[in-house]
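Scroll down for the structure; my scribbles are underneath it.
None of these values were measured; they are calculated from a predicted model. Each chain gets a letter, A, B and so on, in the order its sequence line appears, and its residues count up from 1.
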Amino acid sequence: MRIMMKNYPYYIFEEECKSLIEKALSEEGIKEEIKFEFPPSPKYGDLSFPVFNIAKKYGKNPEDFSKIIVSKINSYEKNIVERVEAIGGYVNFFIDYKKYSKIVIESIISLGKDYGNLDKKDIKIIVEHTSVNPVHPIHIGSARNAIIGDVLSNILEKAGYEIKRHFYIDDVGLQVAQAAYGYSKIRKIEGKKDHFIGYIYAATNCIINIKKLKEEIKGISNEEKIKEKIKELDEWTSIANELRLKNEKIFDELINEIYKSKDPEKDISELLIRYEKKEEDAVKIIRELCELVISGFRETLDRIGIKFDSWDWESEITCWSGATEDIINKLMETEFGKIDRGTIILDCNKILEKFKLKFGVKEIPPLVLKRSDGTTLYTTRDIAYTIWKFQRADKVINVISIEQRIPQIQLKLALYALNLGNLAERLIHFGYELVHLPGVKMSGRRGRYITLDEVLDEAIRRAYYEVSKRISNEEERRKISEIIGIGAVKYALISISPNKPIVFTWERVLDFEKNSGPFIQYGYVRACNIIAKVEKEEEANYESLNSDYEKQIIMKLSLFPKIINDAAEELRPEILAEYANDLTSLFNLFYDNLPVLKAEDKGLRNARIKLVKAVKIVLENVLSILGINTPEKM
RNA sequence: GGGUCCGUAGCGCAGUAUGGAUAGCGCGUCGGCCUUCGGAGCCGAAGGUCCCGGGUUCAAAUCCCGGCGGACCCGCCA
């Protein structure tokens, strides 16, 4: 069920305030856009209109002007607005909670899980997210991507867009060829598939780097350069030591096998060339590897309840279909494609200039379309993939770390060069900052990362410890600690603005107190407990809900559709996390200060029960958007 | 070296896009509340040159300029 956005109680209130202001202004011969603010304290009412800008524009004193407006509004007929006050240049609107409480609570209860749904938009959006290279497990950094992508999708869906979630499998990348090369030397799996391949990949990469550096050092005479290379070699040697300690047998086996080859890098490059040409042996080994890792991804993603509508194989969409080659040819026909240093490049600055584009940068380096060995590069293939996506959607959102800002701009520039600027305008790179380990950058190539699986295990373990204090049934303990542990991790990653780097520490991610997933889940459980004890429902007297505790909850509840709208239009998943925390805090205040079941007056008791029900529904709705499950007890 | 983003209490974060009322929240610290719907909670206290310096404005954490500090990026990785 969907109701029109304008029928939500909050919008009815806002509309009334707006028309009151407009009427008063028009009597003064003024017509301006009305912008409201939320007052910092309930004593200034529920919604404010600052008159400063308009007063200035028409040469009036703000304080006097606000008084004039208020005196006019006082003479108008009002419905949900109770009264209006002028304070220091603000026109403050006070809502009539006697009416508002009833319509807010009743609309929430009647809409249930549909409360917050916005008008259907008839716009299809593909959200591509996670898209971890199939060479190592999902680590806590890529988990941020997955969770942002999923929550963003949920928000847009709630806001009425038609959403498809896509995972792009980058099976044509150099990394996959490297991992497959290492895996071909071992050809077995120990433990969880993606974790084991992650190890093979890091070890292979490390061994090859060391081999290469040693050979390079032999051939260099410049002392400065030798020093540089030795420093690099030292770093990789220490990584080798770290890695070898984790699994000596496999590591040594890999060294033996890799050192049999004169030039492993060339072997890898050849494997990739053969894969791009879809040659059978290459397809067999690379696909085998990808399937292994992806099955590991699916297991992990299942744990956190993230699902995809489509798993897009890069090889099929961009490479074997001939789409990438086609695009390279077309780009070469434009004035922007050229040969430089033996390969094909795209002059991005020229495109920037020609189409008068900004992108917040002064210049963009040229995009290399092909490697010298003839194989294609990620961003080039991404052009083909982007066009493919636009055959299936009106808008595309790519959730990709901010590191890839330049390539994502280059991708758009390539679209302009192909006269597909209209697509570029509907392509959004949703960039987010990385998750760092204290002091070091997480790196798949170096095997330096904390996997999402281990974070979840630890979170569940800690939750189990807490849960065991209150719950005795073993099966329940396990079930509930999983819901809570996972909720804690998801909330921790979604509640911080995507444009802030996160330094991973266990305490931060596994917070069970206020401002955390479990805090909100606990509020939900409190609401459930009250409702479970209600025997029969009788007539509610909403007019008796007149404490600040109750009014603030009602206002907050009524804002939910607006929060959905803001989060969707501004692409800000974190404001939903903040909303959930605010609502829970208000509910806790109410819970600790006012009796519900023990309220003496029957009408009041029933009104409070309804209020608790409404809180339960909204918490359930907001947590569902955040992808966090709700336990009945904890 | 150049570009982008960030800098708010001991620590972790909102608030900045679109300038407005006493700059909010959590952790930690100190002091209270379990005979009241479940204390993962609530009440109270201490803690701020909103990185620094200029400028615009009736009004700046928010906008502009210049510093300082950090993260990320700057052609054949993604």
Side-chain angles (χ1 to χ4, degrees), chain A residues 35 37 39-41 43-44 48 50-53 55-56 61-62 87-90 92 131 133 170 173-175 178 340-346 348 359-373 375-380 382 400-407 410 431 433-434 436 441 444-445 463 466-467 469-470 484 492 495-497 499-503 505 507-508 511-516 518-523 525-527 529-534 570 572 574-575 577-578 581-582 584-585 587-589 591-599 608-609 612 633-634:
Chain A
K35 277 180 186 166
E37 280 175 21
S41 150
K43 73 177 177 192
Y44 296 126
S48 297
V51 304
F52 304 96
N53 290 330
K56 188 179 183 184
N61 174 291
I87 304 169
Y90 290 88
N92 293 331
S131 302
N133 272 344
D170 176 21
L174 196 56
Q175 281 84 344
Q178 286 168 336
D340 184 85
R341 297 179 215 178
T343 190
I344 298 174
I345 65 158
L346 194 64
C348 291
F359 295 121
V361 287
K362 285 186 177 160
E363 53 181 59
I364 292 288
L367 174 63
V368 177
L369 296 170
K370 268 192 175 186
R371 292 192 184 90
S372 331
D373 69 3
T375 55
T376 54
L377 283 145
Y378 179 86
T379 308
T380 316
D382 205 10
I400 301 177
S401 84
I402 199 75
E403 287 177 296
Q404 292 194 46
R405 181 162 177 267
I406 300 293
Q410 289 173 324
E433 284 284 354
L434 302 176
H436 298 265
K441 188 174 168 177
R445 288 194 305 157
E466 279 299 313
V467 168
K469 292 177 186 168
R470 306 170 180 75
I484 292 167
S495 60
I496 294 177
S497 291
N499 67 0
K500 304 243 176 166
I502 296 178
V503 176
T505 65
E507 308 80 76
R508 212 162 294 155
D511 184 4
F512 288 0
E513 304 205 36
K514 210 172 274 188
N515 233 324
S516 76
F519 172 73
I520 297 157
Q521 288 169 322
Y522 185 63
V525 166
R526 282 180 147 182
N529 284 337
I530 290 175
I531 290 160
K533 292 195 174 83
V534 176
E570 296 163 27
R572 294 198 45 194
E574 74 279 14
I575 64 178
E578 194 192 356
N581 188 63
D582 290 351
T584 307
S585 288
F587 179 63
N588 276 332
L589 287 179
Y591 180 96
D592 276 301
N593 288 288
L594 299 172
V596 178
L597 299 173
K598 288 180 181 164
R608 285 188 180 154
I609 289 170
V612 174
K633 49 179 171 173
M634 64 189 272

(request) For A/Ser401, report the nucleic acid contact type (base, sugar-phosphate, nothing); a contact means any heavy atom under 4.0 Å. (result) nothing
(request) Please work out if A/Gly88 contacts a base, only the sugar-phosphate, or nothing of the nucleic acid, heavy-atom cut-off 4.0 Å. (result) nothing
(message) Please confirm whether the shortest side-chain N or O distance from A/Lys362 to OP1 or OP2 of B/G3 is below 4.0 Å.
(response) yes
(request) Considering just the side-chain nitrogens and oxygens of A/Asn588, establish if one lies under 4.0 Å of OP1 or OP2 belonging to B/G41. (result) no
(message) Need the pair for B/A71. Rule: Watson-Crick or G-U wobble, both distances under 3.5 Å, any strand; none if unpaired.
(response) B/U4
(request) Please confirm whether the backbone N or O of A/Val503 pairs with a side-chain atom of A/Arg508, one donor and one acceptor, at under 3.5 Å? (result) yes
(request) Determine the contact category for A/Lys43: base if any of its heavy atoms lies under 4.0 Å from a base atom, sugar-phosphate if only primed atoms, P, OP1 or OP2 are that close, otherwise nothing. (result) base
(message) Under 4.0 Å, heavy atoms only, any strand: does A/Ser497 hit a base, just the sugar-phosphate, or nothing?
(response) sugar-phosphate
(message) Measuring from the side chain of A/Phe512 (C-beta onward, heavy atoms only), which nucleotide among B/C37, B/C76, B/A40 has the closest atom?
(response) B/A40
(message) Of the options B/U22, B/A14, B/A78, whose atoms approach the side-chain atoms of A/Glu578 most closely?
(response) B/A14
(request) May I have the distance from A/Asn593 (atom CG) to B/G41 (atom C1'), rounded to whole angstrom? (result) 11 Å
(message) Under a 4.0 Å threshold between the charged nitrogen and the carboxylate oxygen, would A/Arg572 count as salt-bridged to A/Glu578?
(response) no
(message) Check whether A/Arg526 reaches the backbone of A/Asn588 with its side chain - one donor and one acceptor, N or O, closer than 3.5 Å.
(response) no
(request) For A/Arg371, report the nucleic acid contact type (base, sugar-phosphate, nothing); a contact means any heavy atom under 4.0 Å. (result) base
(request) Specify the closest pair of heavy atoms between A/Gly173 and A/Asp170, including all atoms of both residues, with the distance to one decimal. (result) N-OD1, 3.3 Å
(message) So, OP1 or OP2 of B/A14: does either fall under 4.0 Å of a side-chain N or O from A/Lys500?
(response) yes
(request) Find the partner of B/A46: check Watson-Crick (N1-N3 plus N6-O4 or O6-N4) and G-U wobble (N1-O2, O6-N3) distances, both under 3.5 Å, and reply none if neither fits. (result) none
(request) Please give the nucleotide sitting opposite B/C58 as a Watson-Crick or G-U wobble pair, both distances under 3.5 Å, or none. (result) B/G20
(request) Taking only the side-chain heavy atoms of A/Val467 (C-beta and beyond), determine which of B/G38, B/A78, B/A40 contains the nearest atom. (result) B/A40
(request) Let me know the distance between OH of A/Tyr378 and P of B/C76, rounded to the nearest Å. (result) 17 Å
(message) Go nucleotide by nucleotide along RNA chain B from the 5' end; which of A/His436 and A/Asn581 gets its closest nucleotide reached first?
(response) A/Asn581
(message) Which heavy atom of A/Thr375 sits nearest to which heavy atom of A/Asp373, and what is that distance?
(response) OG1-OD1, 2.6 Å
(request) Provide, to the nearest angstrom, the distance between the CD atom belonging to A/Glu403 and the P atom belonging to B/A71. (result) 13 Å
(message) Closest approach to the side chain of A/Pro39, judged atom by atom: which nucleotide of B/A21, B/A71, B/A78 is it?
(response) B/A21
(request) Specify the glycosidic conformation (syn or anti) of B/G75, with syn defined as within 90° of 0. (result) syn
Write down the protein N/O and nucleotide N/O pairs, taken from nucleotides 62-69 of chain B, whose separation is under 3.5 Å; answer none if there are no such pairs.
none

(message) Over all strands shown, is A/Phe519 touching base, sugar-phosphate only, or nothing at heavy-atom distances under 4.0 angstrom?
(response) sugar-phosphate
(request) Check every atom of B/A40, B/C73, B/G3 against the side chain of A/Val361 and return the nucleotide holding the closest atom. (result) B/G3
(request) For A/Pro62, report the nucleic acid contact type (base, sugar-phosphate, nothing); a contact means any heavy atom under 4.0 Å. (result) nothing
(request) Locate the shortest heavy-atom distance separating A/Pro62 from A/Ala55; write the atom from each residue and the value. (result) CA-CB, 3.8 Å
(message) Let's see if you can work this out: which of B/G12, B/U4, B/C73 has an atom nearest to the side-chain heavy atoms of A/Ile406?
(response) B/C73
(request) In whole angstrom, give me the gap between the P atoms of B/G41 and B/C65. (result) 44 Å
(request) Report yes or no: is there a donor-acceptor pair, N or O only, under 3.5 Å between the side chain of A/Ser48 and the base of B/A21? (result) yes
(message) Can you tell me how far apart CG (A/Leu367) and CD1 (A/Ile344) are? Round to the nearest 0.5 Å.
(response) 11.0 Å
(request) Find the distance A/Ile575:CD1 to B/U16:P and express it as a whole number of Å. (result) 10 Å
(message) Base, sugar-phosphate or nothing for A/Ile520? Non-hydrogen atoms, less than 4.0 Å.
(response) nothing
(request) Pick base, sugar-phosphate or nothing for A/Pro366, based on heavy-atom distances below 4.0 Å to the nucleic acid. (result) base
(request) Just call it for A/Asn61: base, sugar-phosphate, or nothing, with non-hydrogen atoms closer than 4.0 Å on any strand. (result) nothing
(request) Please determine, for B/C11, whether a Watson-Crick or G-U wobble partner exists with both distances under 3.5 Å, and give it or none. (result) B/G26
(request) Compare the minimum distances between each of B/A21, B/C37, B/C42 and the side chain of A/Lys514, then state the nucleotide with the smallest one. (result) B/C42
(request) Measure the spacing between OG of A/Ser516 and CD of A/Gln521 and express it to the nearest 0.5 Å. (result) 8.0 Å
(message) Which nucleotide wins on minimum distance to the side chain of A/Asp170, given the candidates B/A78, B/C73, B/G38?
(response) B/A78
(message) If I take atom OG1 from residue A/Thr380 and atom CZ from residue A/Arg371, how far apart are they, to the nearest 0.5 angstrom?
(response) 9.0 Å
(request) Nearest-nucleotide wise, let me know which of A/Ile402 and A/Arg341 is further upstream toward the 5' end of RNA chain B. (result) A/Ile402
(message) If I take atom OG1 from residue A/Thr343 and atom CG from residue A/Leu369, how far apart are they, to the nearest 0.5 angstrom?
(response) 7.5 Å
(request) Determine the contact category for A/Leu589: base if any of its heavy atoms lies under 4.0 Å from a base atom, sugar-phosphate if only primed atoms, P, OP1 or OP2 are that close, otherwise nothing. (result) sugar-phosphate
(request) Under 4.0 Å between any heavy atoms, over every strand shown, what does A/Arg572 touch: base, sugar-phosphate, or nothing? Just pick one. (result) sugar-phosphate
(request) Please state whether the phosphate of B/G39, meaning OP1 or OP2, lies under 4.0 angstrom from any side-chain nitrogen or oxygen of A/Arg526. (result) yes
(request) Measure from the side-chain heavy atoms of A/Ile530 and tell me the nearest of B/C37, B/A40, B/A71. (result) B/C37
(request) When you get a sec, tell me which of B/U18, B/G75, B/G38 is the closest nucleotide to the side chain of A/Glu570? (result) B/U18
(request) May I ask which nucleotide in the shown strands pairs with B/C37, Watson-Crick or G-U wobble, both distances under 3.5 Å? (result) none
(request) To the nearest Å, give me how far apart CG (A/Asp592) and C1' (B/C42) are. (result) 4 Å
(request) Specify the separation, in whole Å, of atom CD of A/Glu513 and atom C1' of B/G28. (result) 10 Å
(request) Return yes if the base of B/A71 and the side-chain atoms of A/Asn499 contain a donor-acceptor N/O pair under 3.5 Å, otherwise no. (result) no
(request) Give, for atom CG of A/Asn92 and atom CD of A/Glu37, the distance between the pair rounded to the nearest 0.5 Å. (result) 10.0 Å
(message) Could you check B/C11 for me: syn (within 90° of 0) or anti?
(response) anti
(request) Find the distance A/Met634:CE to B/G39:C1' and express it as a whole number of Å. (result) 12 Å
(message) Nearest whole Å is fine: how far is B/G12 P from A/Glu507 CD?
(response) 12 Å
(request) For B/U22, take OP1 and OP2 only and decide whether either is under 4.0 Å from a side-chain N or O of A/Tyr44. (result) no
(message) As an exercise, state the distance from OH of A/Tyr378 to CG of A/Asn133, rounded to the nearest 0.5 Å.
(response) 7.5 Å
(request) Look at all strands and tell whether A/Lys633 reaches a base, only sugar-phosphate, or nothing, counting heavy atoms closer than 4.0 Å. (result) base
